[in-house]
Every structure is written in structure tokens, then in C-alpha cells.
Amino acid sequence: MRFGNLTFVSLLPFFLSKTDALFSQTGFTVELNGIDYYAPPDPVTTISVEDVEFRSNWLKPFTVVKTDQLNLNMDSVVATYSEKDDVWQDGFLQALYIQYTGTVAPGPHYPFESNQNESIPTIFTAQPASIIPDGPYFVSAIGTVYKAYRLYSDIQVAFSESVIENFDGTFSVLPANTWGQSLGIAVPSRLYYTKTAEKPLAGVRLGVKDIYDVAGLRTSNGNRAWYHLYPPANTTGPVVSNLIAAGAVVVGKMKTSQFANGEQATADWVDYHAPFNPRGDGYQDASSSSTGPGAGEGAYEWLDITLGSDTGGSVRGPSQVQGLYGNRPSHGLVSLENVMPLAPQLDTPGILTRDPILWMESAQALYGSNITVSSQYPSSILTVSYPTLETAESESDNMLVEFLGTLSKFLSANVSTFNVTTAWATAKPDQLPLTQILNLTYATIITEEQTRLVRDPFYADYAAEHDGRLPFVNPVPLRRWGYADNSTDTVEEAVANKTLFMDWFNSEVLVPDDETCSSSLMVYVGSTSDSQNYRNVYRTAPGVPFGFGTSRFSVFAEVPDMVVPIGQASYESTITNHTEYLPVTVNFLAAKGCDGMIFSLVKDLHEAGIVSITKSGTSSVTGGEILFKRDGLPQ
Ligand SMILES: *[C@@H]1O[C@H](CO)[C@@H](O)[C@H](O)[C@H]1NC(C)=O
Ligand SMILES: *[C@@H]1O[C@H](CO)[C@@H](O)[C@H](O)[C@H]1NC(C)=O
Ligand SMILES: *[C@@H]1O[C@H](CO)[C@@H](O)[C@H](O)[C@H]1NC(C)=O
Ligand SMILES: *[C@@H]1O[C@H](CO)[C@@H](O)[C@H](O)[C@H]1NC(C)=O
Ligand SMILES: *[C@@H]1O[C@H](CO)[C@@H](O)[C@H](O)[C@H]1NC(C)=O
Ligand SMILES: *[C@@H]1O[C@H](CO)[C@@H](O)[C@H](O)[C@H]1NC(C)=O
Ligand SMILES: *[C@@H]1O[C@H](CO)[C@@H](O)[C@H](O)[C@H]1NC(C)=O
Ligand SMILES: *[C@@H]1O[C@H](CO)[C@@H](O)[C@H](O)[C@H]1NC(C)=O
Ligand SMILES: *[C@@H]1O[C@H](CO)[C@@H](O)[C@H](O)[C@H]1NC(C)=O
């Protein structure tokens, strides 16, 4: 807001009397060659800028280079910076700050002793006491130096809050925005970070599902009343802290379906608008509940990893439909303090990413010492409801069959089918079928536990603040919580049923193995283009998640279940009236605790060219955008 001089003068006495006003700078927004940037309020250092002309601007973009060479080759610096970083651009060449670390005394014309461009004002320091990391910065007329963050638009509405890290390790809401009718997300230059053994995720940009507490920020759990009722978190929980300690940079909180219950776009998303799945026609459901992490990771090249959670499929679903690598860990390997529970007996945190190597590196930070990476693999593959040469009838089926052939060859493994119904009937002839034992198990555990742990304290706190009122809750969680109120089934009974299945599965189906960690690798189909799930559909009223199927194996048996994208297949879109493509994915399961074996296998499959880094945008294989032709526009 600008005050005219006259207004300011007339208000001056009033301002002077308010000596107790809380005032702080929250940074600067600037535009450089049509691209929006943010500079945080705290300078990283102060340098001498006597020789730099500022004209009428307070800030000047400049480039920092560290070198031990007397003959600095700026062409190669520019080439490297442009290739490595989406924040640096040649607009930052308005001044150069050279930190010379060599031992030979430089001559009078350094650094432009040969073919260099003398029109760039250059500040030179030899053997500086402290080194600023290379990259783009802004320097003020008094020499304070600020980091440069590029502002990207969250065009898929995947984020719930745009955040910036404070100097003390807490976070604030980003006080800046850009074009695009959505939040602006600030990402720091990649050049500031160097990966080391201690910081394997240095500079990796991370989006966090908005059920994880992050110090300084409010958590919403996908509910507006919750967001406004509770104060900002004082603590960052261990999952997020472990990723930060490994070097990851939190750039925002990402949308969750409400209280991490399964919701469908657009019908169920009453409190917040569902994020957009970028794949295919751009109007497919993004799946839930880690909807923002899936949609954002599928859409944005500038976002490296996202943190979701999986109770009944909340990492796997969004990974499948967005063509991402995503893991549901073995239950209990990663501690979930300061995270909203659906049910502690079943909740797990997981990483969604396009890059299988980064996936494994992030997992190592996530699990800490609770992961053992091993690279001897099972020589038996069990398939569940998987197409075969004989039954394949679609482009997706053929791709799945071909992938299985390649995988079994790679592992020199035998493939056999696994039918849980017949396997159980054979092993436990005196027990009821699993469809009867486990039909109510998941629904009972999640609805009873969330009602007790989340709803009841929430309703009490809200009523105390709002004269006995109820907060608004979306139809899906409300229906599930209502089910718990009316059901006479107990969590104890449900856990006993779960345990019956788990004990059998872990001793007879996916059995621990001394050499290969797991007796077999189990695979099932994650996603295909054979069915679509459009978001412009009027749906029936929400139900309770009864039933038992393949995606519940890992939930009940506590084994790892990981999504691996293998390609894409076509469909005819009713939105675009055009052929479009959706990701085809496969899920890998192994014995409990064999997460590290699967990560290693996927890494080796990547190195063998069998699986690839997926692309952001409309196609997981070729990238690109349907809705937003952004060529020539700021991105
Ligand atoms: C030198 O740098 C200036 C400012 O970046 C640029 O306009 C000019 O084209 C450069 N000249 C040469 C010869 O590279
Ligand atoms: C954080 O600490 C402040 C000050 O002690 C307190 O008022 C606030 O309630 C705490 N927030 C949470 C979420 O516990
Ligand atoms: C590893 O497992 C132990 C025991 O369950 C737990 O206390 C610890 O927090 C886990 N580590 C991580 C990084 O979650
Ligand atoms: C598993 O076996 C049952 C009983 O024999 C059969 O009804 C079912 O179709 C089989 N499932 C698959 C996926 O083949
Ligand atoms: C795979 O099947 C072949 C032929 O049936 C058999 O000879 C071989 O031992 C099997 N290998 C494994 C690892 O089970
Ligand atoms: C599962 O339970 C629901 C709710 O009681 C019931 O409607 C459904 O028929 C049951 N399904 C099976 C396979 O038992
Ligand atoms: C537990 O299993 C029994 C069958 O053994 C079934 O009747 C009951 O509905 C199940 N309850 C839950 C909560 O899973
Ligand atoms: C649960 O019971 C309450 C009170 O009897 C009723 O109003 C509500 O509709 C029921 N909810 C469900 C989900 O069945
Ligand atoms: C869809 O495409 C078909 C042929 O590709 C065309 O005949 C039809 O008119 C199109 N539909 C609309 C609504 O434009």
C-alpha cells in the first residue's frame, strides 16, 4: 500500500505515538526479465558494493562465483548455471561477485584477463573469510546480500500453503505471489546446494501433505474449521525433520482429502477444491488422500519430491494415476509423531517422486536406520490378477505382459499366479473365507480410531470456542465417523482379524529369506488407461470402505507396497474428444521389512533401462502441457 506524501504527513503524529507497533520486513518481491522472484528478509551476508551503480533501484540482481582459477571462463559458468538451475538466468549478470580461493596472486585485470566481458561490474574478493554458495542473489545498495527464490504458480491447485523457511528453522507463510490465479511457490536456486554424504537431499524441493505438523505453520487436515481453530504448530515431526536434516527444502504444504479419508474430485471436496491431475486430458481424478502431493509431483518439474501418507492406498493411488514412484513402507518402520492419524495401526508415510534414484535416497532419509538396502533379489514372482499373453486385450495389458517378461528375465525368476482366495482355502480349510473375515476390518479400524483420536477432541475444542457449535465436515469423513457411532464391531476384534491374515501371509506367502530378504516378489496392476475417472461426474453419496482386495494385502500384513511406473497407454477422452495417454503402473510387494530390497531392485531396473524417470506434465513419458501452452510466457 502506498501513502501519498500529504496523507503520510498528516498521520505522522499518530504513528509516532504507536511506539509499540510490531513491525517486521517479510522480504522483497522483484521481477527480472518477466520472471517473478522473492528475496527473504534476512541477508546471507554483507559485501562492499562501492563500485556497483544502483541507479534508482534498491536491489540489484547479481551472480556469485567461487573459483580457484586465475582465468575464469564466464561462458562455461553461464552454461553450467543455465543447465543446472531454473532460478538463475542471465539477468543476474548485472554484477559479478567473484570469490577467489586460489593461491597465486591475481593480476590487475582479474578476472577478465583473456576473452571476458568487461562490461559486467565485478566485485572481487581473494581468500574470503566465509564463502557464499554460487548462484543468483540480490544485493542492496548497502551491500546486504539476499538469496533468490523463483516464484512458480501452483496452477494445479496442489498446494494448501506456500511457505518459506526462517533463519531459526521454523517456517512462515510466503508473503509473495505470482500470476496464475493460485498460490505462488518460492523455490531457491539449486546452485546453493551441494550433495554430501550427510546431506544427500541437499536442495531437494519438498512438498508436505497438510497432515504433517511443520513448526510455524498451521495444519489443515483438509478442513477449514480445523485450520482456523488451532494455532500454528510448535514442532516439526520426525518424518519431516529427517528429510530436512538430509537437506530437503520445504516449499509448501500440499492438499489432502479431508482428514486423509478417500474423496473423489470434485463431488466430495466441499471445503477445498480438489487438485488437478495433470495427466491425459487434465480432468481425471487425482486420487486421494495424498492428492496434492500426487498432482503437484506429476505436474511440476520444479518440485522434486512430495511427502504423503498411506493408510489404505493414499500414497499408492495418487502415485498410480499420476505415474509416479510412491511407497507404502512396511508398517512401523517410520515413526509418525506430529501427524494426524487415520489409524495408528495402519498409517504409514511415503514419498512420491518421478525419479527412482531420488526416491531411494529420500527413503533412506525417511526410514533412517530402519532400512536395509540389499541387492540380492527373489527368483520367484507371484502375480495377482495380472494379465497374461492369453488374456491381454488392451494396449495397457500388452505393456504389462511385456514388462513382466522383462522383469522375470532380469531376475531369472519363475512367475506363478497367486490367488488369495484359493491359497487361503487350501492353507486354512477350517476358516471362513477372507472376504468374510476382512470385510469390515479396515472400515472398523479407521472409523473407530479417527473418531476417537481426531473427531472427538476436535468437536470438543470447536464447541468450546464457538458456543457449542459443530464445525463443518465433508460428507465422506462424516459418513465414516457416523458408521463408527452406530457400529458394535470393536477395534480389538478387527485387529484380531487383521492379525490372523498377517500371520498367515508373512509365514506362508511373502516369507522372510536370509539371502533375498523375501521369498518372492509379488506384483499387481497399479493403473492402466482402460478405465477413466473423470472429475466432472455427479456421484452417489459416499459410503464406508468395506471389502477386501489386493490393495489391502499390505495394509493388513504390514508389508511394503510400492508403485513403479512402466509407461503410458492411450484412451479416447470425452473431455478433449482426442486420443490422450494415462500412466501404466505396477505395484511391487515383498516380505515385511524388505523395503530396501525393492528400492534397490527399482534402482537396478532403472540402471538397466527397464524403468525410467517419469516426466512432469500431461504425459508421464514425454511431458508437455495440454491446457497451458506456456511457451513464451513466464512459467
Ligand atoms: C557483455 O555483457 C553485457 C551485459 O550482460 C551484454 O549486454 C553484452 O552483450 C556482453 N558482451 C559480450 C561481448 O558478451
Ligand atoms: C505453541 O506454543 C504457544 C506458546 O507457548 C502456545 O500458545 C500454542 O498453543 C502452542 N501451539 C500448539 C499447537 O500447541
Ligand atoms: C525406527 O524404528 C524404531 C522402533 O520402532 C522407532 O523408534 C524409530 O523412531 C524409527 N526410526 C524412524 C526414522 O522413524
Ligand atoms: C481366485 O479363485 C477364485 C475361486 O477359485 C475365483 O473365483 C477367482 O476368480 C480367482 N481370482 C482370480 C483373480 O483369478
Ligand atoms: C523355475 O522353473 C524351472 C522349470 O520348472 C525349474 O527347473 C527351476 O528350478 C525353477 N526355478 C526356481 C528359482 O524356482
Ligand atoms: C461387507 O459388509 C457390508 C456392510 O455390512 C455388506 O453390505 C456387504 O455385503 C459385505 N460384503 C461381503 C462380501 O460380505
Ligand atoms: C472378524 O471376523 C469375523 C469372522 O471370523 C467376522 O464375522 C467379523 O465381522 C470380523 N470383524 C471385523 C471387525 O473385522
Ligand atoms: C448413526 O446413528 C445416528 C443416530 O442414530 C444417525 O443419525 C446416523 O444417520 C447414523 N449414521 C450412519 C452413518 O449410519
Ligand atoms: C469429436 O471428433 C469427431 C471426429 O474426430 C467429430 O466427428 C465430432 O464432431 C467431434 N465432437 C465434437 C463435440 O466436436
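Numbering of residues begins at 1 and proceeds along the displayed sequence. Owing to the predicted nature of the structure, the values given are computational and were not obtained by experimental measurement.
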Please tabulate, for side-chain N and O atoms in residues 548-555, each donor-acceptor pair with protein atoms closer than 3.5 Å (sequence neighbours left out).
unit_1	atom_1	unit_2	atom_2	d
R552	NH1	G312	O	3.1
S554	OG	R316	NH1	3.2
S554	OG	D561	OD2	3.0

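- For the pairing with L382, the side-chain contact (heavy atoms from CB on, under 4.5 Å) check across V509, V523, L589 returns one residue only, V509.
- Between the side chains of S172 and N166, at least one donor N or O lies within less than 3.5 Å of an accepting N or O.
- Side chains of Q532 and D281: no donor on one and acceptor on the other come within 3.5 Å.
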Determine, stepwise, if the pair V87 / L191 fulfils side-chain contact (heavy atoms from CB on, under 4.5 Å). CA-CA 9 Å; V87 177; L191 298 167; over 6 Å; no
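- With respect to E361 and K195, a salt bridge is recorded, a charged nitrogen being found less than 4.0 Å from a carboxylate O.
- Listed by chain and number, the residues in a side chain to side chain contact (heavy atoms under 4.5 Å, CB included) with S600 are V373, S375, Y377, D604 (sequence neighbours excluded).
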For N474 and D268, what are the C-alpha separation, side-chain angles and deciding distance, and is it a side-chain contact (heavy atoms from CB on, under 4.5 Å)? CA-CA 7 Å; N474 278 359; D268 298 331; 5.8 Å; no
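- Residues that satisfy the side chain to side chain donor-acceptor pair (under 3.5 Å) test with E165, not counting sequence neighbours, are absent from this structure.
- Under the rule for a side chain to side chain donor-acceptor pair (under 3.5 Å), the partners of T311 that lie at least two apart in sequence or sit in another chain are D347.
- In this structure, E301 places its CD atom where only 12 or fewer heavy-atom neighbours from other residues, nucleotides or ligands lie under 6.0 Å away.
- Taking 4.0 Å as the cut-off between side-chain N and carboxylate O, D304 and R190 count as a salt-bridged pair.
- Every residue was checked against the side chain to side chain donor-acceptor pair (under 3.5 Å) condition with R279, not counting sequence neighbours, and none meets it.
- Taking each heavy atom of L346 and K498 in turn, the nearest pair found is CD2-CE, 3.7 Å.
- Residue pairs meeting the salt bridge (Lys or Arg N to Asp or Glu O under 4.0 Å) criterion with at least one partner in residues 243-258, sequence neighbours excluded, are D210-K253.
- Judged purely by distance below 3.5 Å, without hydrogens or angles, the side chains of T235 and N338 never pair a donor atom with an acceptor atom.
- Side chains of S290 and K209: a donor-acceptor N/O pair is present below 3.5 angstrom, by distance only.
- Applying the side chain to side chain donor-acceptor pair (under 3.5 Å) rule to T585 yields the partners S527; only residues at least two apart in sequence or on another chain are considered.
- Residues satisfying the ring-ring contact (aromatic ring centres under 6.0 Å, His included) test with F546, not counting sequence neighbours, are Y483.
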Between R479 and V544, does a side-chain contact (heavy atoms from CB on, under 4.5 Å) hold up when you go through it step by step? CA-CA 7 Å; R479 170 79 179 91; V544 178; 3.6 Å; yes
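- Every residue meeting the side chain to side chain contact (heavy atoms under 4.5 Å, CB included) condition with P40, not counting sequence neighbours, appears here in chain and number order: Y38, K147, Y149.
- Listed by first and then second residue, the salt bridge (Lys or Arg N to Asp or Glu O under 4.0 Å) pairs that reach into residues 364-378 come to none, sequence neighbours excluded.
- Counting only residues at least two apart or on different chains, the ring-ring contact (aromatic ring centres under 6.0 Å, His included) pairs with a member in residues 345-375 are Y325-W359, W359-F599.
- For residues 190-213, the set of pairs meeting the ring-ring contact (aromatic ring centres under 6.0 Å, His included) definition, not counting sequence neighbours, comprises Y137-Y192.
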Quick one, Y581 with S570, criterion side-chain contact (heavy atoms from CB on, under 4.5 Å). Give me CA distance, side-chain angles, the key distance, then yes/no. CA-CA 4 Å; Y581 292 84; S570 65; 3.5 Å; yes
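- Between the side chains of Y283 and N277, no donor N or O sits under 3.5 Å from an acceptor N or O.
- Side chains of Q568 and S619: a donor on one and an acceptor on the other come within 3.5 Å.
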